[in-house]
> 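One structure, pasted below without further comment.
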Amino acid sequence: MDNNENIQFDCSRGCTVTRGADDELNCTYRRGCCKLEDYNWLQGVTQRQYADYFEVRFKNTRKGFYINASGQSVKMGDLVIVEAQSGHDLGIVTLEGPLVGRQMRCKGIDPETTEFRKIYRKAKPLDVEKWQEAIAREQETMIRARQIAVELGLDMKIGDVEFQGDGTKAIFYYIADGRVDFRQLIKVFAEEFRIRIEMKQIGARQEAGLIGGLGVCGRELCCANYITNFKSITTAAARCQDLSLNPQKLAGQCGKLKCCLNYEVATYLDAQSRIPKVSEPLDFQDGLAYLVKTDILRGIMYFSYEKGSLANVYPLDAAEVREIIKMNRNGQRPESLRTEPEPEIPEFVTAVGDDSITRFDTPKKQKRRGGKGQQKQAQDRKKAADKPKGEARRRRQNVRKGNE
């Protein structure tokens with residue numbers, strides 16, 4: 001049997017599970033798997049203050065900071081048994097050293113005042129076996145949980161199920177638009193699955209991150225690739241970028257506004273700060289000029305003498321528009337918009353240029369081949385050239401006959 005058939009990749013937890021020849025499970029940390037992988041750029045740097053603090057990863061986006069109380073030497077990539085609210089859980093150490101302190105500060109955790117849960121010990125083969133048995137129940141439990149929610153008539157959807165490492169507790173992630181009274185649901189779940197139940201509500205973006213997929217850009221969804229903290233997105237982000245407020249183009253696969261709308265908002269806001277606000281038309285000697293459109297990133301504003309018309313549009317630099325507004329406030333009017341020089345726009349020049357990709361190939365010699373059409377054209381040209389000669393010959397013959 002091929003060894004590749006015994007390898008299983010658990011991307012939701014970032015590990016690889018293999019079964020050896022003695023039917024023993026081996027679980028190893030798979031670095032770079034999915035979006036929760038951390039690059040320890042302070043690797044090799046020791047700091048006693050955070051020597052016993054570790055970041056432990058569980059399923060999906062759930063992580064936590066734990067303190068090593070086992071007395072064992074724990075390092076990144078180890079499977080450890082950690083303290084849970086009830087019982088114990090199994091996770092993978094993904095970060096160690098002083099970078100853990102930086103992660104704590106980013107999340108607003110103070111090591112001096114926070115009470116951390118403990119790392120009991122490293123996981124044993126029996127713990128891994130029990131953990132994998134609990135994981136194998138997740139898919140079947142989720143399908144049955146969805147059926148129970150439909151039978152109870154609850155307006156909710158079970159998105160995912162995560163079992164605790166000891167198999168005594170499960171977290172049910174659900175999606176709902178409004179408030180859901182699931183007290184009866186928890187009772188039914190407890191009787192059906194014989195475990196402790198915890199319900200956690202997630203949004204549509206978190207659900208899309210769990211499912212994954214490809215966006216309209218052709219790349220993997222950002223929520224499934226690297227985004228862990230979702231920020232609120234409004235239509236103001238689209239307005240400041242002069243995007244068309246088309247729901248079909250602005251909405252992602254989750255049905256909400258795309259997360260990438262926030263990527264360039266800061267750049268556009270910075271560029272808009274250098275563009276003057278035009279609340280009324282510019283006053284020139286030959287008429288009023290109305291603002292038609294604005295190129296925010298290039299800092300160019302387009303004006304027209306006809307309100308709302310794009311027929312005759314004249315570009316002006318944002319700094320020049322600001323000067324014209326000051327002149328109008330002082331009662332001065334420039335001569336005409338038509339006499340204003342066009343702003344210099346930098347031309348885009350590629351590194352390759354306009355050369356052909358076949359410029360290094362040896363040109364082939366073309367063979368002259370005359371077809372029937374080309375031969376007929378050559379005969380016609382020859383007849384046309386011989387026609388004046390024939391007429392001159394006939395005239396000379398007629399002159400000779402007249403003289404005789």
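Along the sequence shown, the residues carry numbers beginning at 1. These numbers come from a predicted model, not from an experiment.
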> In the structure I gave you, are the side-chain heavy atoms of F58 and I171 within less than 4.5 Å of one another anywhere?
no
> If every non-hydrogen atom of P334 is compared with every non-hydrogen atom of M327, which pair is closest and at what distance?
CG-CE, 4.1 Å
> Can you tell me how far apart CG (D127) and NE2 (H88) are? Round to the nearest 0.5 Å.
5.5 Å
> Is any side-chain heavy atom of Y290 closer than 4.5 Å to one of P281?
yes
> Under a 4.0 Å threshold between the charged nitrogen and the carboxylate oxygen, would D89 count as salt-bridged to R62?
yes
> Between D317 and A319 (side chain of the first, backbone of the second, donor and acceptor by atom type, cut-off under 3.5 Å), is there such a pair?
yes
> Is any side-chain heavy atom of E55 closer than 4.5 Å to a side-chain heavy atom of F65?
yes
> Determine all donor-acceptor pairs shorter than 3.5 Å in which one atom belongs to a side chain in residues 255-270; sequence neighbours excluded.
unit_1 : atom_1 : unit_2 : atom_2 : d
K258   : NZ     : K249   : O      : 3.0
Y263   : OH     : Y226   : OH     : 2.7
D270   : OD2    : R274   : NH1    : 3.0

> For the pair Q201 (side chain) and A176 (backbone), establish whether a donor and an acceptor sit closer than 3.5 Å, ignoring hydrogens and angles.
yes
> Please check if atom NZ in K122 has more than 12 non-hydrogen atoms from other residues, nucleotides or ligands closer than 6.0 Å.
yes
> Do the side-chain N and O atoms of E83 and Y66 include a donor-acceptor pair separated by under 3.5 angstrom?
no
> Would you confirm whether the ring centroid of F182 sits within less than 6.0 angstrom of the ring centroid of Y174?
yes
> CD1/I175 to CD/Q206 distance, rounded to the nearest 0.5 angstrom?
9.0 Å
> To check you understand the geometry: which heavy-atom pair defines the closest contact between A204 and C254, and what is its length?
O-CB, 3.5 Å
> Just checking D155: does its CG atom have more than 12 heavy atoms from other residues, nucleotides or ligands closer to it than 6.0 angstrom?
no
> Does the side chain of L316 reach to within under 4.5 Å of the side chain of I324, using non-hydrogen atoms?
yes
> When rounded to the nearest 0.5 angstrom, what is the spacing between NZ in K63 and CD1 in I92?
10.5 Å
> Might you point out which heavy atoms bring V128 and C27 nearest each other, and give the distance in Å?
CG1-CB, 4.0 Å
> Around atom CD of Q332, are there more than 12 heavy atoms of other residues, nucleotides or ligands at under 6.0 Å?
yes
> Does CG in N246 sit with more than 12 non-hydrogen atoms of other residues, nucleotides or ligands closer than 6.0 Å?
yes
> Within the distance-only criterion (no hydrogens, no angle test), does the side chain of K75 pair as donor or acceptor with the backbone N or O of E96 below 3.5 angstrom?
no
> Short question: side chain of T294, backbone of M301 - any donor-acceptor pair under 3.5 Å?
no
> From I296 CD1 over to C240 SG, what is the distance, rounded to the nearest 0.5 angstrom?
7.0 Å
> Report the distance from atom OH of Y53 to atom CD1 of I119, rounding to the nearest 0.5 Å.
11.5 Å
> Start with the C-alpha distance between K59 and D160, add both sets of side-chain angles, then the distance that settles side-chain contact (heavy atoms from CB on, under 4.5 Å), and finish with yes or no.
CA-CA 10 Å; K59 187 178 181 181; D160 195 11; 3.1 Å; yes
> We want to know whether Q164 and D166 form a side-chain donor-acceptor pair, criterion being a heavy-atom distance below 3.5 angstrom.
yes
> Might you point out which heavy atoms bring A170 and I195 nearest each other, and give the distance in Å?
CB-CD1, 3.4 Å
> For the atom pair OH (Y305) and CG (L288), what is the distance rounded to the nearest 0.5 Å?
9.5 Å
> Can you list, pair by pair, the side-chain donor-acceptor contacts under 3.5 Å of residues 141-154, counting residues two or more places apart and other chains?
unit_1 : atom_1 : unit_2 : atom_2 : d
T141   : OG1    : R137   : O      : 2.6
R144   : NE     : E192   : OE2    : 3.4
R144   : NH1    : Q147   : OE1    : 3.1
R146   : NE     : I158   : O      : 2.7
R146   : NH2    : I158   : O      : 3.0

> Work out which heavy atom in I300 is nearest to a heavy atom in P315; give both atom names and the distance.
CG2-CB, 3.8 Å
> Check this for me: does any side-chain nitrogen of one of E162 and K200 sit under 4.0 Å from a carboxylate oxygen of the other?
no
> Answer yes or no: is there a side-chain heavy-atom contact under 4.5 Å between L185 and M199?
yes
> So do I135 and Q132 actually touch side chain to side chain, heavy atoms under 4.5 Å?
yes
> Counting distance only, does the side-chain N/O of Q241 pair as donor-acceptor with the main-chain N or O of A237 below 3.5 Å?
yes
> In the structure I gave you, are the side-chain heavy atoms of F172 and M156 within less than 4.5 Å of one another anywhere?
no
> Any idea which heavy atoms bring T235 and L245 closest together, and the distance?
O-CD2, 4.3 Å
